[in-house]
Amino acid sequence: MSEDDMPPLPDAVALEDGAGGLPMVRVHHSRGEAVISLQGGQVLSWVPSGHEPVLWTSPLARFGEGQAIRGGVPICFPWFGAGREEPEMTPSHGFARIAPFRLVEAREDSGAVVVRLDLGGDDVATAPGRDRWQHDFVLSVTVTVGETLRIEVAVTNRSDRVISYEQALHAYLAVGDVREVTVTGLDGAPYVDKTTRPWSARDQHGDVRIERETDRVYGTRSPVTVRDGAMARRIHVARESSADAVVWNPWESAPDDVGEHWPGFLCVEAANVLHDGVVLAPGESHTMASTYAVERD
Ligand SMILES: O=P(O)(O)OC[C@H]1O[C@@H](O)[C@H](O)[C@@H](O)[C@@H]1O
């Protein structure tokens with residue numbers, strides 16, 4: 001984005017060239033630090049004061065224009081994975097996560113820093129996959145960095161017809177060893193297991209342990225906690241207007257930008273996907289949010 005389009009930035013916020021020359025917003029605040037990539041509107045790092053980094057970014061992540069960055073909190077929109085239509089939609093998880101967002105606001109606000117990034121129909125005119133979802137829209141991401149991290153995604157239908165979309169905040173949570181964590185909050189929830197062919201419908205009994213490739217869409221609005229004995233901490237993921245929680249770790253079938261590092265993260269994603277996709281009449285808006293908090297054992 002050009003200098004002329006830049007909003008005024010408080011002292012705690014800087015816009016810099018990051019890895020791969022990608023523009024990144026750096027937040028340095030006494031309560032927490034963060035890095036947010038304008039490409040994808042993606043929080044890449046959040047370190048609340050006195051804690052280890054809460055988000056994981058792959059040591060093998062690729063940073064380049066138009067490339068999905070493996071880590072942090074990618075924004076999936078307007079479809080999730082391969083989407084709900086035939087043939088499969090590409091790019092995986094929609095065009096937003098590789099699109100150039102605009103920095104529209106940065107301010108300090110009661111002990112936190114608030115950064116807003118926008119993406120509109122004009123910003124994705126030539127984006128791959130745009131031909132499969134052509135509606136006009138505005139997607140606003142508001143990131144609040146402090147003792148906790150909150151990411152809010154507001155979508156407005158700017159077209160003259162009803163639109164439908166899937167969405168997720170695809171958070172990669174850093175863990176000591178995914179094989180040793182316990183995930184609570186999902187007991188009793190129905191889920192779609194995406195590792196079977198065809199996918200299967202199941203119910204969760206008790207806490208979740210990661211013992212193999214895990215790719216599940218849980219139909220629940222309850223908060224989820226990742227208990228990580230190795231790092232002696234708990235990461236709490238609360239969600240608003242999110243009907244689904246996706247839990248993903250690829251185990252040994254990890255993509256090549258994860259490789260042998262797969263034990264280092266667990267994705268817990270605030271989502272509205274499959275039959276929980278959002279439907280908006282012309283002019284309507286919908287806001288989904290997720291708040292991350294960390295607590296020592
Ligand atoms: O490799 P990608 O496109 O980042 O997707 C990673 C994973 O993301 C998860 O959210 C999906 O549930 C998985 O099915 C998918 O494999």
Side-chain angles (χ1 to χ4, degrees), residues 37 39-44 55-64 66-85 87-99 127-129 132-133 151 153 165-175 178 183 186 189-202 204 208 210 212-220 224 226 237 239 242-277 288 290 292:
S37 165
Q39 176 167 290
Q42 181 171 347
V43 178
L44 291 179
L55 303 176
W56 182 86
T57 295
S58 175
L60 304 177
R62 297 187 192 99
F63 293 88
Q67 282 192 309
I69 304 169
R70 180 74 65 192
V73 189
I75 292 173
C76 307
F77 173 88
W79 59 86
F80 183 72
R84 297 174 289 181
E85 291 166 23
E88 291 191 349
M89 314 274 272
T90 57
S92 170
H93 291 316
F95 46 71
R97 79 163 163 170
I98 50 171
R132 297 287 302 277
W133 199 91
I151 307 177
V153 178
Y165 62 87
E166 294 178 288
Q167 61 178 172
L169 284 165
H170 195 306
Y172 286 77
L173 305 178
V175 295
V178 77
V183 184
L186 297 168
Y191 68 90
V192 175
D193 185 342
K194 291 172 64 182
T195 64
T196 62
R197 297 288 173 272
W199 296 351
S200 37
R202 300 180 196 276
Q204 181 64 38
V208 178
I210 309 299
R212 61 185 71 83
E213 179 187 357
T214 301
D215 190 1
R216 301 177 182 173
V217 179
Y218 284 93
T220 176
V224 175
V226 176
V237 181
R239 297 169 294 124
S242 157
D244 305 300
V246 178
V247 175
W248 178 64
N249 180 279
W251 204 259
E252 283 168 358
S253 54
D256 57 7
D257 55 357
V258 172
E260 63 184 354
H261 303 287
W262 60 266
F265 75 89
L266 180 65
C267 286
V268 176
E269 311 171 33
N272 289 305
V273 299
L274 304 175
H275 59 267
D276 292 318
M288 177 180 84
S290 192
Y292 310 87

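Remember, it's 1-based here, ligands and their atoms both numbered in the order they're listed.
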Sub-4.5 Å side-chain heavy-atom contact between Ile210 and Val247
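Heavy-atom side-chain distance check passes, below 4.5 Å.
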
Hey, are the side chains of Val183 and Gln204 touching, using non-hydrogen atoms and a 4.5 Å cut-off?
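Contact flag for Val183/Gln204 side chains = no.
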
In the protein, what heavy atom is nearest to [atom], and what distance, to one decimal place, separates them?
atom                    : result
atom 14 (O) of ligand 1 : Asp215 OD2, 2.5 Å
atom 3 (O) of ligand 1  : Ser92 OG, 2.6 Å
atom 9 (C) of ligand 1  : His170 NE2, 3.3 Å
atom 5 (O) of ligand 1  : His93 NE2, 3.2 Å
atom 1 (O) of ligand 1  : Arg70 NH2, 3.1 Å

Using heavy atoms and a threshold below 4.0 Å, how should the contact between Arg216 and ligand 1 be classified: side chain, backbone, both, or neither?
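For Arg216, no heavy atom sits under 4.0 Å from ligand 1.
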
Measure across Leu60 and Val258 and return the closest heavy-atom pair with its distance rounded to 0.1 Å.
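Minimum heavy-atom contact is CD1-O, 3.8 Å.
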
Over all atoms of both residues, closest heavy-atom pair of Ser290 and Leu169:
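Where Ser290 meets Leu169 most closely, the heavy atoms are CB-CD1, 3.8 Å.
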
Against heavy atoms of Glu269, which atoms of ligand 1 measure under 4.0 Å?
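Going through ligand 1 atom by atom, the ones under 4.0 Å from Glu269 are 9 (C), 10 (O).
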
For Lys194, counting its heavy atoms only, list the atoms of ligand 1 lying under 4.0 Å from any of them.
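Counting atoms of ligand 1 from 1, those under 4.0 Å from Lys194 are 11 (C), 12 (O), 14 (O).
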
Between Phe265 and Trp248, is the gap from one ring center to the other below 6.0 Å?
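Yes: the rings meet the under 6.0 Å criterion.
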
Heavy-atom distance to atom 6 (C) of ligand 1: which of Trp248, Phe80, Tyr172 wins?
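Of the listed residues, Trp248 has the closest heavy atom.
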
Below 30° counts as parallel, above 60° as perpendicular, anything between as tilted: where do the rings of Trp262 and Trp251 land?
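The rings of Trp262 and Trp251 sit tilted, inter-plane angle from 30° to 60°.
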
What residue among Trp79, Phe80, Phe95 forms side-chain contact (heavy atoms from CB on, under 4.5 Å) with Met89?
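Per the side-chain contact (heavy atoms from CB on, under 4.5 Å) rule, the option paired with Met89 is Trp79, out of Trp79, Phe80, Phe95.
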
Can you tell me if Glu213 contacts ligand 1 (heavy atom of the residue under 4.0 Å from the ligand)?
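No heavy atom of Glu213 comes that close to ligand 1.
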
